[in-house]
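Count residues from 1 along the sequence. All values below were derived from every heavy atom in this structure, side-chain atoms included, with hydrogens, water molecules and symmetry-related copies excluded.
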Amino acid sequence: MTDDYNISDEAQKEEKMVDDAFHHLIESYLATKHRKKVEIITKAFNFARHAHRGVRRLSGEPYIMHPLAVAQIVCEEIGLGSTSICCALLHDVVEDTDYTVEDIENMFGPKIAQIVDGLTKIAGGIFGENASAQAENFKKLLLTMSEDIRVILIKIADRLHNMRTLGSQAKNKQYKIAGETLYIYAPLAHRLGLNTIKSELENLSFRYEHPREYQEIVDKLALTEAARKTVFDDFTAPIRRRLDAMGIHYQIKARIKTPYSIWHKMQTKHVPFEEVYDILAVRIVFEPTDAATEAQECFNIYVAMSQIYRSHPDRLRDWVNHPKANGYQALHVTLMSARGEWIEVQIRSLRMDDIAEKGFAAHWKYKDGATTDEEKESELDKWLTTIKEILDDPQPDAMDFLDTIKLNLFASEIFVFTPKGELRTMPAGATALDFAFTIHTFVGSHCIGAKVNHRLVSMSHQLKSGDQVEILTSKTQHVTRAWLNMATTAKAKTKILGILRREEREIRRKGEDMLDQFLEKNEVTRDTPSIERLCRNHQFTKPDELFYAIGSGSLQLDQHDVDVVLDREPAKSTTWRRFFKFGRKSKKGDADTSATPAVAEPIDRKKAIILDDQSIQHRYTLSECCKPIPGDPVMGYIDDGGQIVVHKLQCPIAMRLKANHGNRVLAARWNMQQRSLLFPVNINLQGIDRIGLLNEMTQIISQQHSINMHRLLVEAGDGIFTCDIQLFVHDTSEVDDLIQGLSSIKDIKSVARI
């Protein structure tokens, strides 16, 4: 009985281990931006689990744990979607069980069957008994890869997990697999831009091929870690201060050379560990303010750093404007630290960092946003051409064959031509509407159809490789939400959503104006509590929803809304929470009062509330009536719903609140160290009208101060002009500097924030 119990208990533990691994895979998949096709992944898992039931790996664990681990790498570390995850789960079924490719196709469709078939053909090691077998096996891989690049990506994931579990293999197998990995899989991962995976494959290969040297370097890295941290902290401290002052949102990371890279340099340069001086590098990853200025911002950061440290004139590497063959982009500079050491700094945007670490999948995530033909073409056509040339060679030399493959990168999906014969690369499944947006946003937004190979088609027509596409437009065409279902590329969807959002903003602005007119007509002052009452009454969660409903005509305001604002109706909430009466203008301009509501969370009223990036976005509300920005003297006010609303101290409404509801007023102070948020501010200018004056104003705002304008209204008559500008700034210091700059313009007589 005891033995049966132990066997049963062990089986239950293994079942739970498998279930937990699968749940972790699903959680990782749901956290991605891919379509949520959980059902087919679950189906593939259950099928693979059944097919491999009773089989174990050399490590002793159930075999299904290997496909699950490969699927996890494919999802989390490479960033592929449901099709690839399914293929990873099924990649050993055909080779190791009685199921066939036809069975896979019947259950999961032709695409998954094709990829699984490709993986099955190359299931054995690349190195066969002789060179011709080696080349032939690799040729099979390339034949399938030229149809679908996901084959090689899944194969790399498979190899990565095999390397992670290589310890269970015999020594000879370890050497064989490690050597094969270092020779072909690590370079392939590098050429596909999978930098993180490439580094791990190299380190694991090094660890099993040269265990003693590997351990020596690991030990020396551990011994020198504290010293490197001190160097890193001292070197980056002034850089952080400068970047903070520039208002850049960034991360600074220490990049430590991998054990394999150190060892490789020791071998090639014939130097000991102590003479490898570039073990530490600094990586700055920033969030660009705009995709169009991304490259310029890299150089702005470089200029700022070169004012702190002396840069090496011969070691500036511009991979931003001239990307590497695998899509890698960054600006590499080498600076002399205060300790007299040269330290390399890598400057990347978030997009560049994503591509550098995840390669192919990340590259295509951003690919649709490329703006130039050079960016769009990349190395795709070269890669396919090289593959076809190699495959056409009837008897390739094995080593030349493999070495040639290492030279190029990406596989394309489809090629499409413009009427003038220009080549455009598009993802498979792209429509005529997607193509229209690659030409220009105006063309896309006014597209009514297309001529594909001189034949009239609809916007939703799917394009194929070799198609020649002419987009047809009309000035009367109008973007609708239905277009989102016709677009497949990120660029097209983003542009469509942007147009729709702009139209919605106009409707909200119209609704806001209509509400202001309605309240003014009924002698009611608009303030935050009154807007909140209207939102609650009409079951809107945000004021923007209220404004949109009014602007679109779906909500008509009437006398009942006046009663709601003035709290004439009986309160619907419990006795402890009554809306306080506020807003009706009296002859003296005073506001009515009422009982203080309970606050949802206990607040220490003796302490000032801290206004930082997080609290402004998630805890506190900036008042609409006075629109405070960082640097303004402010206070907090506990409103009817227990929320804290921040007002300027000099705001007329705040003054009445302080006088009548002092027990609900809180001290507040700003702590906006990150300078990552922008706030609206209104500037009024008055002066003598002349030609070129507006141009001078916008030059100072946009170019000298790099401030974004949101709205500009100019009125001129009888030689005098008035201008109201809404801008987005970080704090009052930017406003003060801007006012000083605008005041210096000839013929401008007054500049004031309103």
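Residue Lys198 comes nearest to Ala186 through the heavy atom pair CG-O, 3.6 Å, listed as atom of the first residue, atom of the second, then distance. Residues Ala178 and Tyr208 approach most closely at CB-CB, 4.3 Å, considering heavy atoms. Among all heavy-atom pairs drawn from Tyr29 and Lys37, the shortest one is OH-N, 2.9 Å. When all heavy atoms are compared, the tightest approach of Leu280 to Arg228 is CD2-O, 4.0 Å. In terms of heavy-atom proximity, Ser82 sits nearest to Ile40 at CB-CG2, 4.4 Å.
Applying the salt bridge (charged side-chain N to carboxylate O under 4.0 Å, His left out) criterion to Glu216, with sequence neighbours excluded, gives Arg212. Annotation: side-chain hydrogen bond (donor to acceptor under 3.5 Å, both in side chains) contacts of Tyr63 (sequence neighbours excluded): Asp92, Asp96. Annotation: side-chain contact (heavy atoms from CB on, under 4.5 Å) contacts of Arg49 (sequence neighbours excluded): Glu15, Val18, Asp19, Phe45, Arg53, Ile64. Annotation: side-chain contact (heavy atoms from CB on, under 4.5 Å) contacts of Asp353 (sequence neighbours excluded): Lys253, Arg283, Val285, Arg348, Glu357. Under the salt bridge (charged side-chain N to carboxylate O under 4.0 Å, His left out) criterion, Glu76 pairs with no residue, sequence neighbours left out. Residues passing the side-chain hydrogen bond (donor to acceptor under 3.5 Å, both in side chains) test with Asp103 are Thr100, sequence neighbours excluded. Every residue was checked against the side-chain contact (heavy atoms from CB on, under 4.5 Å) condition with Glu39, not counting sequence neighbours, and none meets it. Here Glu14 pairs with Arg56 under the side-chain hydrogen bond (donor to acceptor under 3.5 Å, both in side chains) rule; sequence neighbours left out. Among residues two or more places apart in sequence or in another chain, the side-chain contact (heavy atoms from CB on, under 4.5 Å) test is passed with Ala51 by Val93, Thr97, Tyr99. Applying the side-chain hydrogen bond (donor to acceptor under 3.5 Å, both in side chains) test to Lys16 and every residue at least two apart in sequence or in another chain returns Asp20.
Annotation: the span from Phe22 atom CZ to Glu27 atom CD amounts to 11.0 Å, rounded to 0.5 Å. Put simply, CD on Glu209 and CD on Glu202 are 11.5 Å apart, with the number rounded to the nearest 0.5 Å. Distance CD1/Ile112 to CZ/Arg150: 8.5 Å, rounded to 0.5 Å. Rounding to the nearest 0.5 Å gives a distance of 11.5 Å between CD1 of Ile355 and CG of Leu350. Atom-to-atom distance recorded for Ile41:CD1 and Ser84:OG is 10.0 Å, nearest 0.5 angstrom. For the atom pair CG of Leu243 and NE2 of His249, the computed distance is 12.5 Å after rounding to the nearest 0.5 Å.
In this structure, the side chains of Phe235 and Arg339 stay at 4.5 Å or more apart for every pair of heavy atoms. Inter-residue side-chain proximity for Met107 and Lys43 is flagged as met; some heavy-atom pair is nearer than 4.5 Å. Between Ile343 and Thr334 there is no side-chain heavy-atom pair separated by less than 4.5 Å. With contacts defined as side-chain heavy-atom distances shorter than 4.5 Å, the pair Ile279/Ile256 qualifies. With contacts defined as side-chain heavy-atom distances shorter than 4.5 Å, the pair Met352/Val320 qualifies. Side-chain contact between Ile248 and Ile301: present, with at least one pair of heavy atoms (C-beta onward) separated by less than 4.5 Å. When side chains are defined from C-beta on, Val74 does not count as touching Leu153, because their heavy atoms never get closer than 4.5 Å. For the pair Ile156 and Leu160, the minimum side-chain heavy-atom distance is 4.5 Å or more.
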The test is side-chain hydrogen bond (donor to acceptor under 3.5 Å, both in side chains); show your working for Asn106 and Glu102 and say whether it passes.
CA-CA 6 Å; Asn106 290 335; Glu102 288 72 26; over 6 Å; no

Practice problem: Take Met266 and Ile217 through the test side-chain contact (heavy atoms from CB on, under 4.5 Å) and record every step on the way to the result. | Solution: CA-CA 11 Å; Met266 289 167 61; Ile217 292 175; 4.1 Å; yes

query: So Asn203 and Arg207, side-chain contact (heavy atoms from CB on, under 4.5 Å) or not? Walk me through it.
result: CA-CA 6 Å; Asn203 278 332; Arg207 175 184 169 188; over 6 Å; no

message = The test is side-chain contact (heavy atoms from CB on, under 4.5 Å); show your working for Cys298 and Phe286 and say whether it passes.
response = CA-CA 9 Å; Cys298 284; Phe286 69 95; 3.6 Å; yes

Checking side-chain contact (heavy atoms from CB on, under 4.5 Å) for the pair Ile252/Phe232: CA distance, chi angles, key distance, verdict?
CA-CA 10 Å; Ile252 298 185; Phe232 174 79; 3.8 Å; yes

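Of the charged side-chain nitrogens involved, at least one lies within less than 4.0 Å of a carboxylate oxygen, so that Arg164 and Glu200 count as a salt-bridged pair. Using a 4.0 Å cut-off between charged side-chain N and carboxylate O, Arg351 and Asp354 make no salt bridge.
Side-chain atoms of Asp117 never come within 3.5 Å of backbone atoms of Ala113 as a donor-acceptor pair (strictly under, hydrogens ignored). In this structure, Arg255 contributes its side chain and Glu344 its backbone to no donor-acceptor pair below 3.5 Å. In this structure a side-chain-to-backbone donor-acceptor pair under 3.5 Å is missing from Tyr214 to Ser205. Of the possible polar contacts, none joining the His24 side chain to the Ala21 backbone as a donor-acceptor pair under 3.5 Å is found. Remark: side-chain polar atoms of Thr181 are not paired, donor with acceptor, to backbone N or O of Tyr185 under 3.5 angstrom. Not one N or O on the side chain of Thr32 forms a donor-acceptor pair closer than 3.5 Å with the backbone of Ser28.
Crowding of Lys36 atom NZ: a count of heavy atoms from other residues, nucleotides or ligands under 6.0 Å exceeding 12.
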Check: residues 257-265 side-chain donor-acceptor pairs under 3.5 Å, at least two apart:
from	atom 1	to	atom 2	distance (Å)
Lys257	NZ	Asp278	OD2	3.4
Thr258	OG1	Ser261	N	3.2
Thr258	OG1	Ser261	OG	2.8
Lys265	NZ	Asp278	OD1	3.3
Lys265	NZ	Asp278	OD2	2.9

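The salt bridge (charged side-chain N to carboxylate O under 4.0 Å, His left out) contacts involving residues 57-75 comprise nothing, where partners must be two or more places apart or lie in separate chains.
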